[in-house]
Amino acid sequence: MTSAADRPARPTRRAFLAHAGALGGLCLAAPALGAGLEWPVRFGLTGVVVRENLAFFREWGGYLRQRLRRPVEFVQRRSYREVMQLLESGEVDFAWICGFPFVRAREAGYVTLVAVPEYRGEPLYRSYVIVHRDSPHQSLAGLRDKVFAFSDPDSNSGYLAPREMLSSVTDAPEAFFRQTFFTFDHAETVEAVAERVADGGAVDSYVWEHLQRSNPALAERTRVVERSELFGFPPVVARRSGDGFLTAGMTDALLGMHGDDEGRDLLAALDLDRFAAHPPDLYDGITQMATRLSNPAWRTFVP
């Protein structure tokens with residue numbers, strides 16, 4: 001088998017490649033109050049949110065700016081690892097990340113939990129294994145010797161959880177698929193499967209369901225064949241060594257979004273109910289799964 005570690009992510013079409021390059025350094029800045037008299041608040045974005053709607057992030061940046069009294073920049077990077085490096089180095093103040101990077105960064109001691117999105121009444125989501133809508137395959141087991149798209153090596157729903165699901169169908173996970181690759185974006189995993197670049201893929205349930213509404217022409221060319229257990233929804237975190245007053249302000253701004261019309265409209269655009277306060281142990285299931293998957297049988301499957 002050719003492993004995901006042996007090759008870069010493969011684009012599904014030329015626009016895929018152009019989009020991937022643009023993500024490397026794009027910052028979306030809300031207009032500054034005081035014409036630059038304040039340093040901007042930098043907020044990292046990863047593949048846990050569909051990022052193509054630039055107008056939305058400008059509106060959200062403006063909303064946060066009014067409450068923080070500071071300009072806000074959304075900083076997009078291609079991989080979770082890049083955003084976590086920005087957090088650790090202090091180059092971003094906050095980030096919306098995946099649960100797997102969160103539990104590792106929490107253990108390392110450089111992030112603190114700010115808020116957890118609630119989706120359809122719960123702070124929870126799943127990993128979905130998807131195939132093309134016309135695929136004959138009805139389960140993960142049917143994808144043996146096929147091409148499979150993971151989202152990111154540091155993703156819970158796009159890499160860790162599907163590896164756990166594989167443990168129920170094979171004793172040799174490193175040899176199960178004929179070929180694997182990373183897309184580094186859940187929406188692009190859906191695209192890879194929709195365009196038959198991959199026979200199957202692992203995606204964040206929230207992103208797939210959001211695409212059902214926002215881009216049905218894409219999402220409806222795929223279908224779900226496996227669902228993982230429930231996990232804590234990808235959280236918003238802050239640098240532990242950051243400005244405590246700023247962290248408190250961001251926490252209040254996010255937790256208060258469902259309490260005013262503008263905030264509710266922004267949440268509706270994301271298909272979220274609200275941001276809420278939840279304890280870090282919401283993510284203990286991810287920690288336990290990562291521990292189980294650290295055994296020698298899986299080591300050749302890790303990039």
### Task
Go through the steps to decide whether Trp96 and Val237 satisfy the test side chain to side chain contact (heavy atoms under 4.5 Å, CB included), and finish with yes or no.
CA-CA 6 Å; Trp96 193 349; Val237 301; over 6 Å; no
### Check: Leu293 and Glu164 side chains under 4.5 Å, non-hydrogen atoms
yes
#### Entry: Of all pairs that satisfy salt bridge (charged side-chain N to carboxylate O under 4.0 Å, His left out), the ones with a partner from residues 96-111, not counting sequence neighbours
Arg104-Asp154, Arg106-Asp284
#### Entry: Check: Thr247 and Phe94 side chains under 4.5 Å, non-hydrogen atoms
yes
### Query
Which is it for Arg67 and Asp252 under the salt bridge (Lys or Arg N to Asp or Glu O under 4.0 Å) test, yes or no, and what are the steps along the way?
CA-CA 9 Å; Arg67 283 145 186 84; Asp252 288 345; over 6 Å; no
### Task
Determine whether the side chains of Asp260 and Tyr63 contain a donor N or O and an acceptor N or O closer than 3.5 Å.
yes
### Query
Is the backbone N or O of Arg126 less than 3.5 Å from a side-chain atom of Ser205, with the two atoms forming a donor-acceptor pair by type?
yes
### Task
Any ring-ring contact (aromatic ring centres under 6.0 Å, His included) involving residues 225-259? Give me the pairs, sequence neighbours left out, ordered by first then second residue.
Tyr125-Phe233, Tyr206-Phe233
#### Entry: Check: Asp145 and Phe177 side chains under 4.5 Å, non-hydrogen atoms
no
### Task
State, to 0.1 Å, how close Tyr283 and Gly99 come at their nearest heavy-atom pair, and which atoms those are.
CD2-CA, 4.1 Å
## Note on the structure
Heavy-atom closest pair (Ala187 atom, Val207 atom, distance to 0.1 Å) is N-CG1, 4.1 Å
### Task
Report yes if the side chains of Val75 and Leu45 come closer than 4.5 Å at any heavy-atom pair, otherwise no.
no
### Working for side chain to side chain contact (heavy atoms under 4.5 Å, CB included), residues Met84 and Tyr110
CA-CA 10 Å; Met84 298 311 293; Tyr110 66 89; 3.6 Å; yes
### Summary
Nearest heavy-atom approach of Phe150 to Pro162 is CE2-CG, 4.0 Å
### Query
Is the backbone of Ala217 close enough, under 3.5 Å, to the side chain of Arg221 for a donor and an acceptor to pair up by distance?
yes
#### Entry: Any Lys146 side-chain heavy atom under 4.5 Å of His137 side chain
yes
### Task
Could you check Trp208 against Thr222 for side chain to side chain contact (heavy atoms under 4.5 Å, CB included), going step by step and ending with a plain yes or no?
CA-CA 9 Å; Trp208 187 82; Thr222 68; 2.8 Å; yes
#### Entry: Interatomic distance, Asp204 atom CG to Leu211 atom CG [nearest 0.5 angstrom]
10.0 Å
### Message
Let me confirm one number: the CE-CE distance from Met289 to Met165, rounded to the nearest 0.5 Å.
### Response
8.5 Å
### Approximate separation, where rounding is to 0.5 Å, of Phe148 CZ and Phe181 CZ
10.0 Å
### Task
State the CG-CD distance between Leu87 and Glu82, to the nearest 0.5 angstrom.
12.5 Å
### Task
Apply side chain to side chain contact (heavy atoms under 4.5 Å, CB included) to Tyr119 and Leu124, showing your working.
CA-CA 7 Å; Tyr119 174 60; Leu124 304 170; over 6 Å; no
### Query
So do Pro40 and Val72 actually touch side chain to side chain, heavy atoms under 4.5 Å?
no
### Query
Using 30° and 60° as the class limits, which term best fits the ring planes of Trp60 and Phe43: parallel, tilted or perpendicular?
tilted
### Query
Listed by chain and number, what are the side-chain contact (heavy atoms from CB on, under 4.5 Å) partners of Arg223, not counting sequence neighbours?
Val131, Ser135, Gln138, Val225
### Query
Taking NZ, NE, NH1 and NH2 as the nitrogens, is one of them in Arg120 or Asp273 under 4.0 Å from a carboxylate oxygen of the other?
no
### Query
Taking the side chain from Thr291 and the backbone from Thr287, do they hold a donor-acceptor pair closer than 3.5 Å?
yes
### Task
Using side-chain contact (heavy atoms from CB on, under 4.5 Å) as the criterion, list what pairs up with Arg240, not counting sequence neighbours.
Thr112
### Task
Compare all side-chain heavy atoms of Thr251 with those of Phe275 and state whether any distance is below 4.5 angstrom.
no
### Task
Not counting sequence neighbours, list each pair that qualifies as a salt bridge (charged side-chain N to carboxylate O under 4.0 Å, His left out) and has a residue in residues 224-239.
Asp93-Arg239
### Task
Indicate yes or no for a side-chain donor-acceptor contact from Asp152 to the backbone of Ser79 under 3.5 Å, with no hydrogens or angles considered.
no
### Task
Please step through salt bridge (Lys or Arg N to Asp or Glu O under 4.0 Å) for the pair Arg65 and Glu59, ending with a clear verdict.
CA-CA 10 Å; Arg65 170 180 60 89; Glu59 291 173 9; over 6 Å; no
### Query
Atom CG in Asp199, atom CD in Gln179: separation rounded to 0.5 Å?
9.5 Å
### Summary
Tightest non-hydrogen contact, residues Ser157 and Ala202, listed as O-CB, 3.7 Å
### Query
Hey, what do you get for CG (Leu64) to CZ (Arg70), rounding to the nearest 0.5 Å?
12.5 Å
#### Entry: Residues Ser151, Thr189; criterion side-chain hydrogen bond (donor to acceptor under 3.5 Å, both in side chains); working and verdict
CA-CA 6 Å; Ser151 69; Thr189 299; 5.2 Å; no
### Task
Applying side chain to side chain donor-acceptor pair (under 3.5 Å), name anything that partners Arg196, two or more places apart in sequence or on another chain.
His132
### Task
Locate the shortest heavy-atom distance separating Pro123 from Val116; write the atom from each residue and the value.
CB-CG1, 3.8 Å
### Query
Does Thr46 reach the side chain of Arg77, with side-chain heavy atoms less than 4.5 Å apart?
no
### Query
Do you know the tightest heavy-atom contact between Pro234 and Cys98?
CB-CA, 4.1 Å
